[in-house]
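Everything below concerns the one structure shown next.
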Protein chains: 2
Amino acid sequence: MSFTEYAEKSLREKGYKLTKPRRQVLEAIEKAEGPMSPYDIGKMMEGKGRHLDQVTIYRVINLLCSLNLVHKVFSRGGYVRCDLQEEEGCHRFLVCRGCGHLQEYRDEALCRQESQVAQKLGFQAEHHVTESSGLCKDCQG
Amino acid sequence: MSFTEYAEKSLREKGYKLTKPRRQVLEAIEKAEGPMSPYDIGKMMEGKGRHLDQVTIYRVINLLCSLNLVHKVFSRGGYVRCDLQEEEGCHRFLVCRGCGHLQEYRDEALCRQESQVAQKLGFQAEHHVTESSGLCKDCQG
DNA sequence: AGCCAAATGCAATAGTGTTGCATTACTGCC
DNA sequence: GGCAGTAATGCAACACTATTGCATTTGGCT
């Protein structure tokens, strides 16, 4: 199931309407190579002769983020599609400082250990957001 | 050694000048309870009859961040002083979704494991940025 | 005291994000 | 297939975040 298909299914199931702007934003994010800013998405639309209000784009992105269909990448700015679809747990990113390449992954053991460390500090962790920077396979050596 | 003392020492040692704006920003961040935006710092100054240019504040903050004397808190916006001073490694945050309380910590084992997981994916991690959300001691139960 | 590189102030500009309200358009129902 | 009602969008305005270039100032040195 493609990203867009999965996202549209998720929206339906949760009772959200499947509107034209939402389809368009999903399509834009599906096609994008890396993180897109709402502004980028607007420009892409404009380039195709369509028009989408910036506010609408923000609202769509917020919705998609809240459903974990899209993630914000803090260290680079912008938003990317979630590549792990229905995989539960905390999704993390590896961000290459060489080429900017982004890889999403998930690791249950890491999540568990992180929560344990928090517990020792009296904190009950619910969600972890992690972005690691370094060098990807192609940029090493 | 207080935050400001330590920061001023670090600046000197690395050859950065100890200017009035830098002292003022350090003082503001030292006193602040939680994350401050550059705009907040500007307003705080204005309130005391002093004036600091926004651009200058940004530049000072960027410098302090690059020296790890101050961290940006992505999930809340704004910047906080580093509470771990000279402790090496990746500094992480626990962010309470109840009261907004922020706690900084460090855990070498976690760091190592995170790098190992990345390694298995062919990625050579250098630095990890983590913010966990959940409930602090006071907000549980 | 004076030098000078580093840092600041100012002006302009661009990107990011939010709110309120009137209008439109999905979805479910007949 | 049309209708009703609610959810979502468009528009306008606004506020915050952040960057660049250049003229001017100043901290740290001799």
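Throughout, protein chains are lettered first and strands after them, A, B, ... in sequence-line order, and every chain is numbered starting at 1.
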Atom-to-atom span, [atom1] of [X] to [atom2] of [N] - whole angstrom:
X: A:Met36; N: C:dG17; atom1: CE; atom2: P; value: 14 Å
X: A:Arg76; N: C:dT16; atom1: CZ; atom2: C1'; value: 17 Å
X: B:Asp53; N: C:dA7; atom1: CG; atom2: C1'; value: 12 Å
X: A:Tyr16; N: D:dT9; atom1: OH; atom2: P; value: 12 Å
X: B:Arg22; N: D:dT26; atom1: CZ; atom2: C1'; value: 12 Å
X: B:Leu64; N: C:dA7; atom1: CG; atom2: P; value: 12 Å
X: A:Leu52; N: C:dG17; atom1: CG; atom2: C1'; value: 17 Å
X: B:Leu63; N: D:dA18; atom1: CG; atom2: P; value: 16 Å

For a quick test of reading the model: is some side-chain N or O of [X] closer than 4.0 Å to OP1 or OP2 of [N]?
X: A:Asn62; N: C:dG17; value: no
X: A:Tyr58; N: C:dG15; value: no
X: A:His51; N: D:dC11; value: yes
X: B:Thr19; N: D:dT26; value: no
X: A:Lys20; N: D:dA7; value: no
X: B:Tyr39; N: D:dT17; value: no

Of all the choices, C:dG17, C:dA7, C:dA11, which nucleotide is nearest to the side chain of B:Val55 once you look at every atom?
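Among C:dG17, C:dA7, C:dA11, the one nearest the side chain of B:Val55 is C:dA11.
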Are there over 12 heavy-atom neighbours, none belonging to B:Lys48, within less than 6.0 Å of that residue's NZ?
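More than 12 within 6.0 Å, yes.
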How about B:Gln140: does its CD atom have over 12 heavy atoms from other parts shown lying under 6.0 Å from it?
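Check passes, neighbour count above 12.
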Please find out if less than 6.0 Å separates the ring center of B:His71 from that of B:Phe93.
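Yes, close enough.
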Is B:Lys72 touching bases, backbone alone, or none of the nucleic acid, heavy atoms closer than 4.0 Å?
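Since only primed, P, OP1 and OP2 atoms lie under 4.0 Å of B:Lys72, the category is sugar-phosphate.
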Select base, sugar-phosphate, or nothing to describe what B:Arg12 touches, counting heavy atoms under 4.0 Å on all strands.
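Sugar-phosphate: the residue B:Arg12, judged by heavy atoms under 4.0 Å, touches backbone atoms but no base.
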B:His128-A:Glu131 side chain donor-acceptor pair, cut-off 3.5 Å
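Short answer, no.
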Answer with yes or no whether the hydrophobic clustering places A:Met44 together with A:Tyr79; edges join I, L, V, M, F, W, Y residues whose side-chain heavy atoms lie under 4.5 Å apart.
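The answer is yes; both residues are in one hydrophobic cluster.
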Closest-nucleotide mapping onto DNA chain D: is B:Lys17 or B:Arg59 further toward the 5' terminus? I mean the 5' end.
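In this pair, the answer is B:Arg59.
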